[in-house]
Amino acid sequence: MAKTTGQNAEAAVEIPVDALTETQARAELDRLSEALARANQAYHAEDAPEISDAEYDALKRRNASIEARFPALKRADSPSDQVGAAPSEGFSKVTHTLRMLSLSNAFDDHDVRDFDRGIRKYLGLSETDPLVYTAEPKIDGLSLSLRYEGGALVQAATRGDGSIGENVTANARTIADIPHRIAGAPGVLEVRGEVYMSHADFEALNARQAEAGQKTFANPRNAAAGSLRQLDATITAARPLKFFAYGWGEVSAPVFDTQNGALAQLGAWGFAINPLTVRCTDPDAMLAHYARIEDQRATLGYDIDGVVYKVDDLNLQRRLGFRSTTPRWAIAHKFPAELAWTRLESIDIQVGRTGALSPVARLQPVTVGGVVVSNATLHNEDYIAGRGADGRPIRDGKDIRVGDWVQVYRAGDVIPKVADVDLSKRPADTMPYVFPTTCPECGSAAIREEGDAVRRCTGGLICPAQAVEKLKHFVSRAAFDIEGIGAKQVEMFYHDDQLAVREPADIFTLEARDRQNLTRLSNRDGWGETSAKNLFQAIDEKREIPFERLLFGLGIRHVGEVAAKDLARHYGSWEALAQALDTARPAALAERAAERAAEAERAAAAKEDRRARIAEARAAALADCAVPPAAQAAWSDLVAADGIGPVLALSLSDAMANPEERGAFDRLLAHLTPIPPETRASDSPVAGKTVVFTGTLEKMTRAEAKARAEALGAKVSGSVSARTDLLVAGPGAGSKAAKAADLGIETIDEDAWLALIDGA
DNA sequence: GTGCCTCGAGTTCC
DNA sequence: CTCGAGGCAC
């Protein structure tokens with residue numbers, strides 16, 4: 001049913017619905033039907049709306065009101081039941097102006113109390129200072145961001161990866177809980193909430209689907225997701241979707257000052273707000289509310305998967321800010337995961353890009369939390385044996401064997417894991433699982449470094465599994481992101497003896513080889529002239545590549561997205577990086593020698609004589625290499641860089657010094673033009689500066705000061721050095737202030753600092 | 001040395 | 001999404 005509440009100014013000049021005669025009503029419904037059909041045609045098919053959204057909505061509302069008063073007159077082809085022509089292809093992308101974040105999780109009372117304690121610590125509040133939270137059920141659906149401009153709904157976007165979602169505006173318009181217009185809203189207002197389906201609606205829908213011979217849905221969440229992501233909005237319109245608002249994104253004017261007040265305002269604007277939302281003044285109250293909600297869970301009529309706690313005061317929320325992917329001011333207290341028992345049929349070993357051997361459980365299919373699970377991760381060797389990484393027993397030390405009855409759950413309601421074993425049902429003939437010590441893919445030795453949880457194949461690029469996984473990483477979204485090459489194509493290209501894409505450089509020679517009739521991509525299944533041409537073009541587009549993506553794409557261990565960015569910024573170019581690493585190599589080897597020596601000492605202490613002697617000899621051999629000062633300087637510069645420690649530095653050095661790997665890098669670089677990272681000139685006066693805080697800060701805590709400074713592009717360090725640009729000294733500053741004075745470094749107090757960053 | 005906090009790497013199903 | 005572990009602050 002369409003909404004009939006809300007402002008109806010556009011229809012004011014027409015006869016009020018209450019005053020219509022039946023004849024007038026019939027004529028009007030005909031007229032509205034025609035007008036709406038025309039508007040739909042113009043909007044969807046020709047992409048050139050004839051009337052504004054507001055006018056369109058007014059027509060629809062009037063149509064719905066008339067139908068509500070004269071149900072018998074409702075046309076068979078009523079516009080209420082349809083939404084117009086389907087867009088020609090998939091959804092367009094929407095970049096969220098403010099990222100849609102996920103929440104960190106709490107699994108027990110202890111985590112919730114830690115959450116409260118952490119917030120108090122960050123804000124510098126004592127345990128007794130008042131602090132208000134809101135607690136509300138966490139709806140198990142899918143998040144949606146609704147953008148209103150001038151009070152009119154102009155865009156609805158799914159969460160996607162948090163930054164980029166899909167434009168599902170036409171579909172969202174069909175959801176009755178979502179107002180098309182809101183009165184008195186700021187110029188720009190993004191409302192965020194959860195789309196879900198009630199149990200009753202879900203069952204009715206599945207019954208209808210089954211009757212019509214259509215596929216049924218595994219659970220309400222899948223049904224809601226599938227319904228919202230229909231390309232044809234008329235299908236979405238026929239699905240009973242609902243919506244709870246719980247938050248917001250961009251808002252052009254400051255209209256809220258507490259979370260609770262914001263919800264009340266959203267409610268006043270016509271959004272459905274979950275009735276089980278309360279304010280709590282301490283963790284005990286939060287936990288009590290959690291218990292209440294858990295009790296009611298089965299009778300709510302819709303799925304929830306926990307309770308969300310948020311700091312109520314939005315000023316405090318602002319001060320708390322965000323970690324990399326989650327806000328500090330909110331947490332999701334999850335209900336215990338659903339469990340299921342099934343038989344473990346076999347254990348397979350997968351080999352990852354770094355050579356890591358990962359055991360995967362093949363299970364007799366079983367339904368867990370509404371999804372059929374047939375595979376589950378077994379983490380690593382120790383986990384199967386019943387030991388944690390620290391060597392302490394887990395599952396009471398019970399090991400996992402093929403043939404066992406095992407308990408499965410979906411961690412975070414997503415990743416299936418084996419949690420427990422039923423020893424009473426263990427068949428008599430089972431044997432403890434023997435973890436392979438050679439790589440199942442290439443036969444090379446698979447060894448486990450001391451203190452490491454994983455066993456790794458030592459085959460390097462000889463190992464086809466590692467080579468393929470490395471290539472998959474190379475073409476992945478965060479690296480080269482080559483359109484037309486995904487995991488499947490990589491497999492095919494690698495194993496095809498003519499295409500022979502065995503390392504990244506081979507991707508960039510594909511077209512040339514194709515031209516010379518060496519490969520003939522278009523002869524392959526699923527590849528025609530056009531798709532081949534498109535692929536070559538997509539590859540060409542990536543010959544110019546941001547330096548940090550290149551670095552990430554190389555797949556060097558410990559060099560992930562963030563470290564790659566740090567390195568790119570530190571060195572600026574591949575040449576500079578390569579040269580620095582070549583220079584630093586002797587120092588890197590000395591570093592390793594020192595580590596080995598320390599290891600030898602420890603081993604000797606443990607009376608493992610033979611191994612100790614070997615390690616010692618190795619260390620001595622390496623220590624003999626003299627370390628030129630230039631090498632030491634280059635090495636120090638590397639490990640002093642932000643976020644780069646000795647482990648990463650050594651891994652990088654090894655990769656660059658390894659002839660096979662370096663050869664592959666050099667061959668690849670011959671085809672590329674890396675783009676230097678932006679030397680971004682941020683507006684902030686502290687951008688790019690290195691700042692040190694010392695003494696007592698009175699208006700903010702240390703953590704807060706650091707987070708804010710970093711958000712403005714400053715680098716915060718703990719100690720004063722020649723590289724420090726600015727010292728912020730509170731009362732009680734001691735040696736750091738003296739040192740800064742010595743070095744002639746600018747020193748200001750907290751107020752001056754706040755004035756400096758004010759407005760940024 | 002200990003204890004966060006983040007990052008990296010590996011994972012399943014639709 | 002989770003675990004393990006690296007990096008860094010205390």
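By convention in this document, chain letters (A, B, ...) are assigned in the order of the sequence lines, proteins followed by strands, and residues within each chain are numbered from 1.
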Colleague: With a cut-off of under 6.0 Å to the ring centre and 45° to the axis, is A:Arg395 in cation-pi contact with A:Tyr383?
Modeller: yes

Colleague: Can you tell me the distance, in whole Å, between the NZ atom of A:Lys417 and the C1' atom of C:dC3?
Modeller: 6 Å

Colleague: Phosphate oxygens OP1/OP2 of C:dT2: is one of them under 4.0 Å from a side-chain N or O of A:Thr377?
Modeller: no

Colleague: Between A:Thr236 (side chain only) and A:Ser227 (backbone N and O only), is there a donor and an acceptor less than 3.5 Å apart?
Modeller: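 Yes, because the side chain of A:Thr236 sits within donor-acceptor range (under 3.5 Å) of the backbone of A:Ser227.
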
Colleague: How long is the line joining CG of A:Leu551 and P of B:dG8, in whole Å?
Modeller: 12 Å

Colleague: Both A:Val373 and A:Gly555 contact DNA chain B. Taking the nearest nucleotide for each, which residue is further toward the 5' end?
Modeller: A:Gly555

Colleague: Main chain of A:Gly226, side chain of A:Gln230: is a donor-acceptor contact present, judged purely on distance under 3.5 Å?
Modeller: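 Here the side-chain-to-backbone pair exists.
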
Colleague: Using the side chain to side chain contact (heavy atoms under 4.5 Å, CB included) criterion, which residues pair with A:Thr458? Sequence neighbours excluded.
Modeller: A:Ser444, A:Ala445, A:Ile447

Colleague: Counting only side-chain nitrogens and oxygens, does A:Arg353 get under 4.0 Å of the OP1 or OP2 atom of B:dA9?
Modeller: yes

Colleague: Calculate the interatomic distance between A:His379 atom NE2 and C:dG4 atom P; express it in whole Å.
Modeller: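 Rounding to the nearest Å, NE2 of A:His379 and P of C:dG4 are 7 Å apart.
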
Colleague: CD1 of A:Ile556 versus P of B:dG8: gap in Å, rounded?
Modeller: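 One finds 13 Å between P of B:dG8 and CD1 of A:Ile556, rounded.
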
Colleague: Would you indicate which nucleotide in B:dG8, C:dG4, B:dC13 comes nearest to any side-chain atom of A:Asn375?
Modeller: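 Of the candidates, B:dC13 comes closest.
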
Colleague: Which of these nucleotides, B:dG10, C:dG6, B:dC14, is closest to any side-chain atom of A:Val647?
Modeller: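 For the A:Val647 side chain, the nearest candidate turns out to be C:dG6.
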
Colleague: A:Ile415 side chain: which of C:dG7, B:dC14, B:dT11 is closest?
Modeller: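 When the side chain of A:Ile415 is considered, B:dT11 is the closest of C:dG7, B:dC14, B:dT11.
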
Colleague: Figure out the CG/P separation between A:Asp382 and C:dA5, and round it to whole Å.
Modeller: 10 Å

Colleague: With a 4.0 Å cut-off on heavy atoms, is A:Val454 in touch with a base, just the backbone sugar-phosphate, or nothing at all?
Modeller: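 Nothing: the residue A:Val454, judged by heavy atoms under 4.0 Å, touches no strand.
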
Colleague: Heavy atoms from C-beta onward define the side chain here; which of C:dT2, B:dG8, C:dG6 lies closest to that of A:Ala563?
Modeller: B:dG8

Colleague: Roughly how many Å is it from CD in A:Gln466 to P in B:dG10, rounded to a whole number?
Modeller: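 It works out to 9 Å between those atoms.
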
Colleague: Rounded to whole angstroms, how far apart are CD1 on A:Ile644 and C1' on C:dC8?
Modeller: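 Rounding to the nearest Å, CD1 of A:Ile644 and C1' of C:dC8 are 13 Å apart.
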
Colleague: For the side chain of A:Val562, starting at C-beta, report the closest nucleotide among B:dG8, B:dT12, C:dG6.
Modeller: B:dG8

Colleague: Between A:Asn380 and C:dC3, is there a side-chain N or O to OP1/OP2 distance below 4.0 Å?
Modeller: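 So the side chain of A:Asn380 is outside the cut-off, no N or O lying under 4.0 Å from OP1 or OP2 of C:dC3.
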
Colleague: Quick check for you: among B:dT11, C:dG7, B:dC13, whose closest atom lies nearest to any side-chain atom of A:Leu648?
Modeller: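 The answer is C:dG7.
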
Colleague: With the side chain of A:His558 defined as its heavy atoms from C-beta on, choose the nearest nucleotide among B:dC13, C:dG6, C:dA5.
Modeller: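 Selected nucleotide (nearest to the side chain): C:dG6.
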
Colleague: Among all residues two or more places apart in sequence or in another chain, which pass the salt bridge (Lys or Arg N to Asp or Glu O under 4.0 Å) test with A:Glu194?
Modeller: none

Colleague: Which part of the nucleic acid, if any, lies within reach of A:Phe217 when heavy atoms closer than 4.0 Å are counted: base, sugar-phosphate only, or nothing?
Modeller: nothing

Colleague: Rounded to whole angstroms, how far apart are CG on A:Leu357 and C1' on B:dT11?
Modeller: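 Value for this atom pair: 15 Å.
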
Colleague: If you measure from CD1 on A:Ile349 to CG on A:Leu357, what distance do you get to the nearest 0.5 Å?
Modeller: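 Separation between the atoms: 5.5 Å.
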
Colleague: Below 4.0 angstrom from OP1 or OP2 of B:dT6, is there any side-chain N or O of A:Arg328?
Modeller: yes

Colleague: Within the pair A:Gln350 and B:dT11, is there a side-chain N or O less than 4.0 Å away from OP1 or OP2?
Modeller: yes

